[in-house]
Amino acid sequence: MFHIFKKAAQTHLVTIGYPHAPAQISESFRGAPSFDFPSWRDARPAADACPTGAIRIEESAGRRRVTMDYGLCIYCGQCSEADGTSAVKITRNFELGVRERSELIVTAEYPLEQDGSQGKLAGLNSGHASEGETKEHLERSVHSRIQQVLGRSLAIREVDAGSCNGCEMEIGALNSPVYDLERLGIHFVASPRHADMLLVTGPVTRNMELALLKTYRATPEPKMVVAVGACGISGGIFGLNYATIGGVDAVIPVDVFIPGCPPRPHALLHGILLALGRMEQRAI
Amino acid sequence: MTQSAVHIFDQIRDLCGVALDRWHEANEAEVRADAALSDVRRMVASLIENGCRLASVFAEDRTAVTEDFLIYYVFDHPDDERFLVVRTVVPSHMPAFPSVAAEVPAVNWQEREIQDWFGLVADGHPNPRRVALHDNWPDVHPLRKDFPSDTVLPPFEGEQHVYRPTLGEGVFQIPVGPVHAGIIEPGHFNFAVAGEPILYLQLRMFYTHKGIEKRFEQLPVNRAVYLAESVSGDSSFSHGTAFCQAIERAAGIEIPVRAKRMRTVLLELERLYNHVGDIGAIVNDVGFGVANAHAMRLREYLLAVNEELTGSRLLRGIVCPGGLRHDWNDQQTQRCRESLRGFEQDFADMMQIIDSSDSTRDRLEHTGILHPEKARDLGVVGVGGRASGVDRDLRRDHPYAAYDEVLFTVPVYQEGDVLRRLRVRVDEIGQSLGIIRQILTVLEPGLHLIAVPPLPPDCVALGAVEGWRGEILHWIRTGAHGRLDRCKIKDPSLSNWPALVEAVQGNIVPDFPVINKSFNLSYSGTDR
Ligand code: SF4
């Protein structure tokens, strides 16, 4: 007993303030890449280097269309290294959760030059929409929002539908004293029957398809589904093959998508709060 | 390599009693040989009798080249720094091979994978049911070359798996999973119990089977590294390193000294954060939440060190063929050294808290015992093996990276209970800190990466790493255009599940979580 108290007294407060205070994140953290589409001259090196095919190029009739899918991105930084110009940069951004799959996809159109490089940007379509809304939501106390919507704590059931367990590592960390999910009135429950929200990782495998569906059916209405990680969103590095059927939304409807490989605990928290926003909308 | 040790495999070859043809030393890490299909059983039996362990069995479809399939048997011997890889030919008109699973339970699932994936029959297998492709799958063999890698199968309508019935008065079954109560991976456990004690445990895995080995054949090598990192997220760096070692061997290059040392540091950091997390989870499963809170805090502290050095908390995206993608500056290494010094004291305090709890010790000691003979017979590797008298560690026995430069001991216990599996982790944390300290003292400036020449086609090579969980093997055959023709992955979990089944017998159901946690096997590593 003595050791326990002594250690408790020696250990300072370790719980972070996020989301009410800004996240403190290492300078070295490799987050999402960002693209300066107007100044980007040649997307080919980056697309060639990208391990998941998140950067895709289509060419026809002297035009090049470049698609960037943040739902496939694993934050490896290969694109920025291969590109070598300031058009592709690795940022420390991790707050990438969105409510629509399409919000993760950006497309840029260019005329093609003689040498295969890109001319002046001719069109840009970036799906990102929910950012402003999120900020506003974060500023209100999470606890009181949960109270308002549910009248009690938010119960989450985690479902691994085929992941490599990287996402489970980070989801598990939310229970540590550092992130301390319970301080926000959010907790993990043992059964889908007790859950308001399913936090699902992927890629969904053929062998887990039925179990995921049954878990979804066992969750009482109204329910939220949050797809976690590149693989939960799109199948990620595993792609589609004989054993996987892609992202979570191939099997059940998804309310929020949280990119990352795996998403760091802050990013998970950000996405869960986004889902809460959607719940609030429904409650009104 | 000690002088007397060098020729162990060569001596065994003469003792073996069967013809091991085309015997040759492939590289410093492997000896290769051929055996006739009809000799396989005798070959395996006599090698095991001579002190070898069958580490892995896997197949390869060569029908496009030779009209045959090949099956490989990878052996390891305590006194030889090389692996012995014996190859046998299975003609495609007689698609069957002799099973050795009855004698070597560690390869039970591996042989059944060969059945599922290649359609080769494991003759005489004691339980030849489907394993990786569940019972409801259609009759397909996805690792055959004529099975297109982009095949998407229609919805399944087949029968579900039927578990062996549990019969007798007062005896009943507890089915658990695949979706479990905690934040863990999916698998099905079917307990047969008589009151509290567990009579028998049936396991059903491969829920997370995602066709990784086939996927390797689709990706160029530089992208495939990311796939290797995703075999088991908690062992990203170990799997990535084993894969890169295989590639480097196939390319015939040796990575720079600095790269070897940096890899060693990162391999040990991976061990540290996982071991700390496991220690917390084990004591948490017997109700010691305070200690677990400290463990989770310390794990988080180590993940920050990881991120500082690599940009990724789980050490992803840093290892690559030829070395490491990024170098460290002095400030980074300095901070790593200081952080680990702080960790050491903090961890010692945590262990004092755990060690001063008699009730915790009481719950962990004599719980989930795996006897040394059983561990040896089952070929248990890694932490689970060392807690049960299996004195094996690839870092010492098949050195790679910079492990031949550092001094460390391999903790071994004989009791084989949960407490000893916890103690192995505690001791290894001490050793890891020592290894990192030694490396950081000698870490001189130099290249962290060299260019990898284009991979010659048709080369085979093995990469082996002692991950924090145990022995990780990656075996590759290079194909055309810098791609892979085959990549076989053997995670320690794949062969360690039978040890769990053995260890839980006779224990009470409420102790199952802590016994399971003390092995902490990777479902994704198993299922791939
Ligand atoms: S950071 Fe994302 S977009 Fe860039 S190469 Fe990696 S996976 Fe592709």
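First the proteins, then the strands, lettered A, B, ... as listed; each starts at 1.
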*Closest approach of A/N165 and B/S522, non-hydrogen atoms and distance?*
ND2-OG, 3.6 Å

_Please check if the number of heavy atoms outside A/Q10 that lie under 6.0 Å from its CD is greater than 12._
yes

_Within-4.5 Å side-chain heavy-atom neighbours: B/K210 and A/C231_ = no

_Note, B/R299 side chain near A/S176 side chain (heavy atom, < 4.5 Å)_ = no

*How many angstroms lie between atom CD1 of A/I4 and atom CD1 of B/I354, to the nearest 0.5 angstrom?*
10.0 Å

*Give every residue pair that meets the salt bridge (Lys or Arg N to Asp or Glu O under 4.0 Å) criterion with at least one member in residues 67-81 of chain A, sequence neighbours excluded.*
A/D69-A/R101, A/E81-B/R325

_For the student: nearest non-hydrogen atoms of B/V179 and A/A211, plus distance_ = CG2-CB, 4.4 Å

*Is it the backbone or the side chain of A/S26 that comes under 4.5 Å from a heavy atom of chain B, or both, or neither?*
both

*Quick one: list whatever passes side chain to side chain donor-acceptor pair (under 3.5 Å) with B/N306, sequence neighbours left out.*
none

*Output the distance between atom OG1 (A/T52) and atom CG (B/L227), rounded to the nearest 0.5 Å.*
11.5 Å

*When rounded to the nearest 0.5 angstrom, what distance separates CD in A/Q78 from OH in B/Y226?*
3.5 Å

*salt bridge (Lys or Arg N to Asp or Glu O under 4.0 Å) with B/D349: which residues, sequence neighbours excluded?*
A/K7

*Any idea which of B/A132, B/S235, B/S232 has the most non-hydrogen atom pairs under 4.5 angstrom with chain A?*
B/S232

*Give, as side chain, backbone, both or neither, the part of A/L210 having an atom under 4.5 angstrom from any heavy atom of chain B.*
side chain

*Could you check if a side-chain atom of B/D527 sits within less than 4.5 angstrom of a side-chain atom of A/T205, using non-hydrogen atoms only?*
no

*Tell me, for A/V189 versus chain B, whether the close heavy atoms (under 4.5 Å) come from the side chain, the backbone, both or neither.*
backbone

*Which atoms form the tightest heavy-atom contact between B/E308 and A/S28, and what is the distance?*
O-OG, 3.1 Å

*Of the backbone (N, CA, C, O) and the side chain (C-beta and beyond), which part of A/E27 lies under 4.5 Å from a heavy atom of chain B, both, or neither?*
neither

*State, yes or no, whether a side-chain contact exists between B/E185 and A/D160 at a heavy-atom distance under 4.5 Å.*
yes

*Give, as side chain, backbone, both or neither, the part of A/R92 having an atom under 4.5 angstrom from any heavy atom of chain B.*
neither

*Separation of B/F156 CZ from A/R206 CZ (nearest 0.5 Å)*: 4.0 Å

_Largest heavy-atom contact set with chain A, pairs under 4.5 Å, which of B/H326, B/Q218, B/R223, B/R528_ = B/R223

_Would A/V178 and B/Y301 count as a side chain to side chain contact (heavy atoms under 4.5 Å, CB included) here? Give the steps._
CA-CA 9 Å; A/V178 176; B/Y301 180 94; over 6 Å; no

*Considering non-hydrogen atoms only, spot the tightest contact between B/R316 and A/C164 and give its length.*
NH2-SG, 3.1 Å

*Rounded to the nearest 0.5 Å, how far does OH of A/Y179 lie from CD of B/E300?*
3.5 Å

*Stepwise, does the side chain to side chain contact (heavy atoms under 4.5 Å, CB included) test hold for B/E307 with A/I25?*
CA-CA 9 Å; B/E307 185 163 81; A/I25 287 177; 4.3 Å; yes

*Among residues 256-264 of chain A, which ones touch chain B with a heavy-atom distance under 4.5 Å?*
A/C261, A/P262, A/R264

*Is it the side chain or the backbone of A/F188 that comes within 4.5 Å of chain B heavy atoms, both, or neither?*
side chain

_Quick check: do B/V290 and A/F5 have side-chain heavy atoms less than 4.5 Å from each other?_
no

*What are the two closest non-hydrogen atoms of B/G317 and A/R30, and how far apart are they?*
CA-NH2, 3.7 Å

*So which part of B/L153 gets closer than 4.5 Å to some heavy atom of chain A, the side chain, the backbone, both or neither?*
both

_Is A/T201 in contact with chain B via its backbone, its side chain, both, or neither, using a 4.5 Å heavy-atom distance?_
neither

*Would you call the rings of A/Y242 and B/H209 parallel, tilted or perpendicular if under 30° counts as parallel and over 60° as perpendicular?*
tilted

*Checking heavy atoms, do the side chain of B/N292, its backbone, both or neither come under 4.5 Å from chain A?*
neither

*For the residue pair A/G172 and B/M296, what are the closest heavy atoms and their distance?*
O-CE, 3.5 Å

*Could you check B/N274 against A/M169 for side chain to side chain contact (heavy atoms under 4.5 Å, CB included), going step by step and ending with a plain yes or no?*
CA-CA 10 Å; B/N274 278 292; A/M169 303 286 281; 3.7 Å; yes

_Separation between OG of B/S149 and CG of A/N241, rounded to the nearest 0.5 Å_ = 8.5 Å

*asked:* Report which part of A/I245 has an atom under 4.5 Å of a heavy atom belonging to chain B: side chain, backbone, both, or neither.
replied: neither

